[in-house]
Amino acid sequence: MPITTRTSIIRQVPGTYETVEVELDDPRQGEVTVKLAASGLCHSDDHVATGDVPVGVYPYAGGHEGAGVVTAVGPNTPGFEVGDHVVFSFLPACGRCEFCARGLSNLCDLGASLLTGARADDPSSFRMHLDGEPVGQQCGISTFSEHTTVSIDSVVKIDESIPLRSAALVGCGVPTGWGSAVRSANVQPGDTVIVMGIGGIGVNALQGAAHAGATTIIAVDPVAAKEDWAKQFGATHFCTTIDEAAEHARSVTNGQGADATIVTIGVVRGEHIGEALASIRKAGTVVVTGLGDITAVGAPIALGDLTLMQKRLQGSLFGESNPRRDIPNLLRMYQQGRLKLDELVTKTYTLDQVAEAYDDMHAGRNLRGVIVFD
């Protein structure tokens, strides 16, 4: 029988998150129900609330970065037991489609259903209902919920000794930022790297660039108060404009420019991509990780610069990470003291404070807000 649970939804766009009680399905075959311990407050859920990222149905339950404990397992679903500790992956990985077979599980075909709010195998089937009407699940998991029922393609079991509040962050923000530097930008020892936008993704791009051996790591953010945060996570320099950062990069590279510029701005516009491209050296790389209006078209790019300087423009989804490989690996690094997770959490909130948390994010008062459940 369905249970009831509290979850934070938006009813329309633009909209504000509010907490309501919904009916939640018991797990079917291939599904589990999870009691949430913590959920990160990622900018992508704010993009849903503003309408930058359109979704398939309203009301829509937010949240796509979280961790918790399995409370029920669907029939004929081997590999999971009640009591398992899990991290959600906002990108499901089936392990069977062409892209999973290519080693690109972040591009798994199941991703086509992420914004529908419905089950991946049936676009008319929803796991949550409010007053008898369907409620969409963000990325199929909706972690702004006390309990949620999800596909096993969207969860990764973890060591029970790892604090769930910290583990929640490796479901999106950490691997997205980290992988943007280590994989998408392919940062090498001695490189000069610029990171545009120092929020929950940007600080992890700084961590990734430092881990990969970059010697000059320039953080860029108009909020000057973020300088201390940036340097805590690996930045060697801090600038409030990309022009200043590009000038500094050229000053330490004999006039060439950065080896890579990673765009992790909260709301990306075309001009940001043009500025990033101008900041890199010949054969350098621009990685675009942040989102804006996903229907927007065009960026002011100098085509001659792109072609004749052999520059590379690279999109990055989830930092090109493989959830089943990289979530456990990043948590092992955390256990060994080689990855900062606890330090990312600048403020915790209750489920009823989601709207307040996003106000704080817009004001630059936190790197990563986290909902902590009782």
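On a predicted model such as this, the values are computed, not experimentally measured, just so you know.
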Is it true that a side-chain atom of Asp84 and a backbone atom of Glu81 form a donor plus acceptor pair closer than 3.5 Å?
yes

Trace of the side chain to side chain contact (heavy atoms under 4.5 Å, CB included) decision for Asp26 with Ile3
CA-CA 7 Å; Asp26 279 344; Ile3 65 170; 4.3 Å; yes

One should read off an interatomic distance between Cys97 SG and Arg102 CZ, to the nearest 0.5 angstrom, of 10.5 Å

inquiry  = Between Thr264 and Gly197 (side chain of the first, backbone of the second, donor and acceptor by atom type, cut-off under 3.5 Å), is there such a pair?
reply    = yes

Rounded to the nearest 0.5 Å, the OG atom of Ser154 sits from the CD atom of Glu31 at a distance of 9.5 Å

Applied to residues 296-349, the ring pair (Phe, Tyr, Trp, His ring centres under 6.0 Å) test, sequence neighbours excluded, yields Phe90-Phe318

Heavy-atom closest pair (Ile218 atom, Thr216 atom, distance to 0.1 Å) is CG1-CG2, 3.9 Å

- Message: For Val370 and Leu169: C-alpha separation, side-chain torsions, deciding distance, then whether side chain to side chain contact (heavy atoms under 4.5 Å, CB included) applies.
- Response: CA-CA 9 Å; Val370 172; Leu169 303 179; 3.9 Å; yes

Backbone N/O of Val22 and side chain of Thr4: donor-acceptor pair under 3.5 Å: no

Single-linkage hydrophobic cluster Ile242~Val268, side-chain heavy atoms < 4.5 angstrom = yes

Quiz prompt | side chain to side chain contact (heavy atoms under 4.5 Å, CB included) evaluation trace for Ile198 with Val223 | solution = CA-CA 9 Å; Ile198 306 306; Val223 180; over 6 Å; no

Applied to residues 109-153, the ring pair (Phe, Tyr, Trp, His ring centres under 6.0 Å) test, sequence neighbours excluded, yields Tyr17-Phe144

Between Glu320 and Ser184: side-chain donor-acceptor atoms closer than 3.5 Å: yes

| With no hydrogens and no angle check, do the side chains of Thr289 and Ser180 hold a donor and an acceptor under 3.5 Å apart? | yes

Notebook entry, point to check: Heavy-atom distance under 4.5 Å between the side chains of Ser125 and Arg28, does that happen here?
Noted result: yes

Ring pair (Phe, Tyr, Trp, His ring centres under 6.0 Å) pairs touching residues 271-299, sequence neighbours excluded, are none

* Asked: If only atom types and distance count, is the side chain of Gln137 paired as donor or acceptor with the main-chain N or O of Thr149 below 3.5 Å?
  -> yes

Review point. Are the charged groups of Arg183 and Asp326 less than 4.0 angstrom apart, N to O?
Key: yes

**Study point:** Linked, directly or transitively: Val34 and Leu351 (ILVMFWY side chains, under 4.5 Å)
**Key:** yes

When every non-hydrogen atom of Asn322 is compared with those of Ser105, the smallest separation belongs to CG-OG, 3.3 Å

Taking His248's backbone N and O only, do any of them form a donor-acceptor pair with Ser251's side chain (distance below 3.5 Å, no angle check)? yes

CA sep, side-chain torsions, deciding dist, call: Arg365, Lys347, side chain to side chain contact (heavy atoms under 4.5 Å, CB included): CA-CA 9 Å; Arg365 289 190 285 265; Lys347 188 172 180 181; over 6 Å; no

Separation between CD1 (Ile194) and NE2 (His237), nearest 0.5 Å, reads 11.5 Å

Could you go step by step and tell me if Thr350 and Asp352 meet the side chain to side chain donor-acceptor pair (under 3.5 Å) rule?
-> CA-CA 5 Å; Thr350 68; Asp352 296 315; 4.7 Å; no

Exceeds 12 heavy-atom contacts within 6.0 angstrom, atom CD of Gln335: yes

- Message: Would you say that more than 12 heavy atoms from the other residues, nucleotides or ligands in this model lie under 6.0 Å from the CG of Asn254, or not?
- Response: no

Here the gap from Cys94 atom SG to Ile152 atom CD1, rounded to the nearest 0.5 Å, amounts to 11.5 Å

On a heavy-atom basis, the closest approach of Ser113 and Ala120 is OG-CB, 3.4 Å

Note to self: Hydrophobic clusters here meaning ILVMFWY residues chained together by side-chain heavy-atom distances under 4.5 Å, can you tell me if Val155 and Met128 are in one?
What the structure shows: no

(Q) Assigning hydrophobic clusters by single linkage (Ile, Leu, Val, Met, Phe, Trp, Tyr; side-chain heavy-atom cutoff under 4.5 Å), is Leu110 placed with Val53? (A) no

Looking at Asp221, is its backbone amide N or carbonyl O close enough to the side chain of Lys226 to form a donor-acceptor pair, meaning the two atoms are under 3.5 Å apart? no

- Query: Do Tyr358 and Leu367 belong together in a cluster built from hydrophobic side chains that touch within less than 4.5 Å?
  - Reply: no

Would one find more than 12 heavy atoms of other residues, nucleotides or ligands at under 6.0 Å from atom CD of Glu356? yes

Of all heavy-atom pairs linking Ala214 and Val193, the shortest is CB-CG2, 3.9 Å

Notebook entry, point to check: How about Thr241 and Asp243: does a side-chain donor come under 3.5 Å of a side-chain acceptor?
Noted result: no

| Main-chain N/O of Thr346 paired with Asn366 side-chain donor or acceptor, under 3.5 Å | no

Distance col, row Ile141:CD1 vs Cys172:SG, nearest 0.5 angstrom, shows 9.0 Å

ask   = Does atom CZ of Arg281 have more than 12 heavy-atom neighbours from other groups under 6.0 Å away?
value = yes

Between Ser145 and Thr7, the two heavy atoms sitting closest are OG-OG1, 2.5 Å

Mind checking whether Tyr58 and Val13 have side chains closer than 4.5 Å, heavy atoms only?
-> yes

_Taking the side chain as everything from C-beta on, heavy atoms only, tell me whether Thr215 gets closer than 4.5 Å to Val252._
no

Are any non-hydrogen side-chain atoms of Leu164 and Ile158 less than 4.5 angstrom apart?
yes

Over 12 foreign heavy atoms within 6.0 Å of CD, Glu23 = no

Heavy atoms of Ala258 and Ala249 approach each other most closely as N-CB, 3.8 Å

Can you check whether Lys157 reaches Val87 side chain to side chain, under 4.5 Å on heavy atoms?
no

Close side-chain approach of Met196 to Thr261, heavy-atom, < 4.5 Å: yes

- Decide if atom CG of Asp342 counts as having more than 12 heavy atoms of other residues, nucleotides or ligands within a radius under 6.0 Å. yes

Review point. Does the pair Asp259 and Gln188 meet the rule for a side chain to side chain donor-acceptor pair (under 3.5 Å), with working shown?
Key: CA-CA 9 Å; Asp259 298 284; Gln188 299 294 307; over 6 Å; no

* Below 4.0 angstrom, N of the basic side chain to O of the carboxylate: do Arg127 and Asp25 qualify? -> no

Exercise. Within the distance-only criterion (no hydrogens, no angle test), does the side chain of Thr307 pair as donor or acceptor with the backbone N or O of Gly304 below 3.5 angstrom?
Worked result: no

Kindly check if the number of other-residue, nucleotide or ligand heavy atoms within 6.0 Å of CD (Glu160) is above 12?
yes

Check whether any side-chain heavy atom of Leu331 lies under 4.5 Å from a side-chain heavy atom of Leu341, and answer yes or no. yes

Backbone N or O of Gly62 within a donor-acceptor pair of the Ser142 side chain at under 3.5 Å?
-> no

With a 4.5 Å limit on heavy-atom distance, are the side chains of Leu91 and Cys108 in contact? no

Do any N or O atoms from the side chain of Asp153 and from the backbone of Pro92 form a donor-acceptor pair under 3.5 angstrom? no

dist Gln314:CD -> Asn186:CG (nearest 0.5 Å) comes out at 10.5 Å

